[in-house]
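Heads up: the structure comes next, in structure tokens.
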Number of protein chains: 2
Amino acid sequence: MNRYLKTFYLALIAGLALSVASWAHAGMAPRGTGDLGIIIERASGSVKIIETSTQTVLRRVEGFGDLSHASVVYSRDERYAYIFGRDGGLTKLDILTGKIVKRIIQGGNSIGGAISQDGSLVAVSNYKPGGVKVFDSKTLELVADIPAVSADGTQSKTIGLVDIPGQKFVFSLYDAGETWIADFSKSRTPEITKFTNTGELPYDALVTDDGRYYVAGLFGEDGLAKLDLWQIDKGITRILDGYGRGEEKLPVYKMPHLEGWAKAGDHIFLPAIGRHEVLIVDQRSWKEVGRISVHGQPVFVVARPDGRQVWVNFAHPRNDTLQVIDVPSRKIIKTFKPGKAILHMEFTPRGEQVWVSVRDANRVDVYDTRTFERLKEIQAEKPSGIFLTARAHRTGL
Amino acid sequence: MNRYLKTFYLALIAGLALSVASWAHAGMAPRGTGDLGIIIERASGSVKIIETSTQTVLRRVEGFGDLSHASVVYSRDERYAYIFGRDGGLTKLDILTGKIVKRIIQGGNSIGGAISQDGSLVAVSNYKPGGVKVFDSKTLELVADIPAVSADGTQSKTIGLVDIPGQKFVFSLYDAGETWIADFSKSRTPEITKFTNTGELPYDALVTDDGRYYVAGLFGEDGLAKLDLWQIDKGITRILDGYGRGEEKLPVYKMPHLEGWAKAGDHIFLPAIGRHEVLIVDQRSWKEVGRISVHGQPVFVVARPDGRQVWVNFAHPRNDTLQVIDVPSRKIIKTFKPGKAILHMEFTPRGEQVWVSVRDANRVDVYDTRTFERLKEIQAEKPSGIFLTARAHRTGL
């Protein structure tokens, strides 16, 4: 063989090998993304990319800034994670390659976000300077800036930001006690509809999984505010008036999260602020139909996807415990003490596993939800939120 | 530069380029799988792999045998499709690469399948020789063979096969009028629980999205059979007795599909067999609370994921029409005539689009569900079922 040709072939082979190796190294080998997810490492500004089929860590990625109160939404193809940081950072991460595609600081202090029904818009809710900013999900370019200034000129923190069908977002104004709908269905300049009587200090909100009912928790009043998004002319109505928030003036150690609400059968299970109780609400009448005594002040009250169980974690100093409520009997059927600072629980979409962050043990535990057996322990640095890609397919997260 | 070195570099570049090109050609470039899906081309035994973000066809794959009555389930990572064909074929397709990973003929005449909660088992329901076979989802090796022989020795077709939480499958015996639960939670040899009084000729079934209620339609009786899977000791009960099936002895042109049932708010919308009506059932009482006159004998009655609309297609000879029911008002708000033989409708998981098969026009139409605008027309040969990967995350499909 001609030695040029030999050199050529050798180099060709080297090139092919290098190329395959580099793809493999970058983790670019094709794989499905339906079983992937992210664990937030809150203290180090890093995340772990995990998969739930064999419960393993695929890689760790750094450089997300302050993740002390972080949340995540996913692109509609379940490839990109949008990570909202406490420092106002919005980071787009490619979970297949582990590369940060883009990172911007969009505000002074953000607390959460949402992605539009069609996946084209990412909205961020801000404490400072308040308001909501909306970005193009591909480029992270600013599409709309919605300052949260109420009729009397008050500038508000925004909370309880969710997506609803029809290319809309809903959020509430903490300081002004209002709820706004931003409609992007006609253009990228939203039409805003305002409800000014939400109540005092809405601190978080949920939307039912059909996107119909928006319910905001009130820190300044003994009740919750409800908006029927199929009949917005009926406006905000109050529900669960006088359920007992503040009745005994219990100190509130940590605000519960309503985004981790639980729908099980016909009932919604909600954390009672400041009380060691979970409230059960009938979703037709929106009246309380029962309450369950639990170990501490509930933070997340989350239903297993089939609604047969509700899992509850608690505020400091009782945050070393996790309880499981059996829905039909309304009894606590299991109490775990996996370690200090249980911050979050995330179910796999069909409910066979639950992933639990145990911050102070630097560990995420994976449980079988039927046997309560611990399937895996995963090392993570001060883990907080856990977010699986199946969220991409759901409304109101 | 030394000419060896020059040749080396040139060849290296060529090698890298070839490599990238070959990956691209094989479609192996990494991409998310959350927005993918399959269109069945029923006459040619082929499928089209599509994506919903920009509504395009990624590739066409042949070699699936008889797809004249086919259905699909997905692996938990949303990478593999399991395609059940009329000829008893079970084919595992890698939708990222378009390669058939494995294909077996598992029975004589299969009509559908399901995948277990943890994704490890694929079950197939057979007409001939009847019974259910269960396979390992990785290898397609046989795990369990469940002949459907009833107490009196009758061999049955099996229908209405669904997965439910706890690593179980439920199905019914058409000829024997029984319903069986196969529990794989303890081992790969299932524990079978039998209910022998389902009723005459169960022809299809649904399970509510929480996996709690299993409802079988009866061809031989004027009513449906319900099983509460949270309270199986209560056994099968009859619902909607005397709703009118056969009241006027209408000929039945095509059996409706119950798997395309619609849950909207507190109500379930069901096709009435042989009648030009959709039944509305209250999910608490399981009583009929209304019925809606429609264009023909309904086949699929499917709710948009938010439950605000219900879309209906019809049996021959009225199968050129599609109707949309507005749930709150129970009125038909839209009637389409896209072409002859509208066989199936599939919503994107958050409901902004619906994909509609128009068999005789060799076309799949994509509609915006809010504006009813036709977004795209996609060429396909005699398209029937459309199955999106988001099904991987749902129970009871």
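We name chains A, B, ... by the order of the sequence lines, and we start the count at 1 in each one.
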Smallest separation among heavy atoms of Phe169(A) and Ile115(A), with atom names: CE2-C, 3.9 Å
Closest non-hydrogen contact found for Pro30(B) with Leu96(A) is CB-CD1, 3.8 Å
Which atoms form the tightest heavy-atom contact between Tyr74(B) and Ala81(B), and what is the distance? CE2-CB, 3.6 Å
Ranking Asp209(A), Asp163(A), Thr389(A) by heavy-atom pairs under 4.5 Å to chain B gives rank one to Asp163(A)
Return the option, out of Ala390(A), Gly119(A), Gly211(A), with the maximum number of heavy-atom pairs under 4.5 Å with chain B. Ala390(A)
Output the option from Asp77(A), Asp210(A), Asp368(A), Asp266(A) having the highest count of non-hydrogen pairs under 4.5 Å with chain B. Asp77(A)
What part of Ser185(A) gets closer than 4.5 Å to chain B, counting heavy atoms only: side chain, backbone, both or neither? both
Okay, Ala392(A) and chain B: the region with an atom under 4.5 Å from a heavy atom over there is backbone
Pairs of heavy atoms under 4.5 Å with chain B: top-ranked of Arg304(A), Gln231(A), Arg394(A), Arg212(A): Arg394(A)
Grab the two heavy atoms, one from Thr395(B) and one from Pro165(B), that are nearest each other, plus how far apart they are. CG2-CD, 3.9 Å
Any residue meeting side-chain contact (heavy atoms from CB on, under 4.5 Å) with Gln283(A), in chain and number order, not counting sequence neighbours: Thr208(A), Tyr213(A), Lys263(A), Ile268(A), Trp286(A)
Counting heavy-atom pairs closer than 4.5 Å to chain A, which one of Thr348(B), Asp282(B), Asp118(B) comes out on top? Asp282(B)
Could you tell me which portion of Gln353(A) (side chain, backbone, both or neither) has an atom closer than 4.5 angstrom to a non-hydrogen atom of chain B? side chain
Taking only residues two or more places apart in sequence or in another chain, which ones pass side-chain contact (heavy atoms from CB on, under 4.5 Å) with Asp136(B)? Lys138(B), Thr139(B), Val143(B), Arg188(B)
For the candidates Arg370(B), Arg308(B), Glu51(B), which exhibits the highest count of non-hydrogen atom pairs separated by less than 4.5 Å from chain A? Arg308(B)
When the 4.5 angstrom heavy-atom criterion is applied to Thr52(A) and chain B, the contacting part is both
Side-chain donor-acceptor contact under 3.5 Å, Ser53(B) with Arg76(A): yes
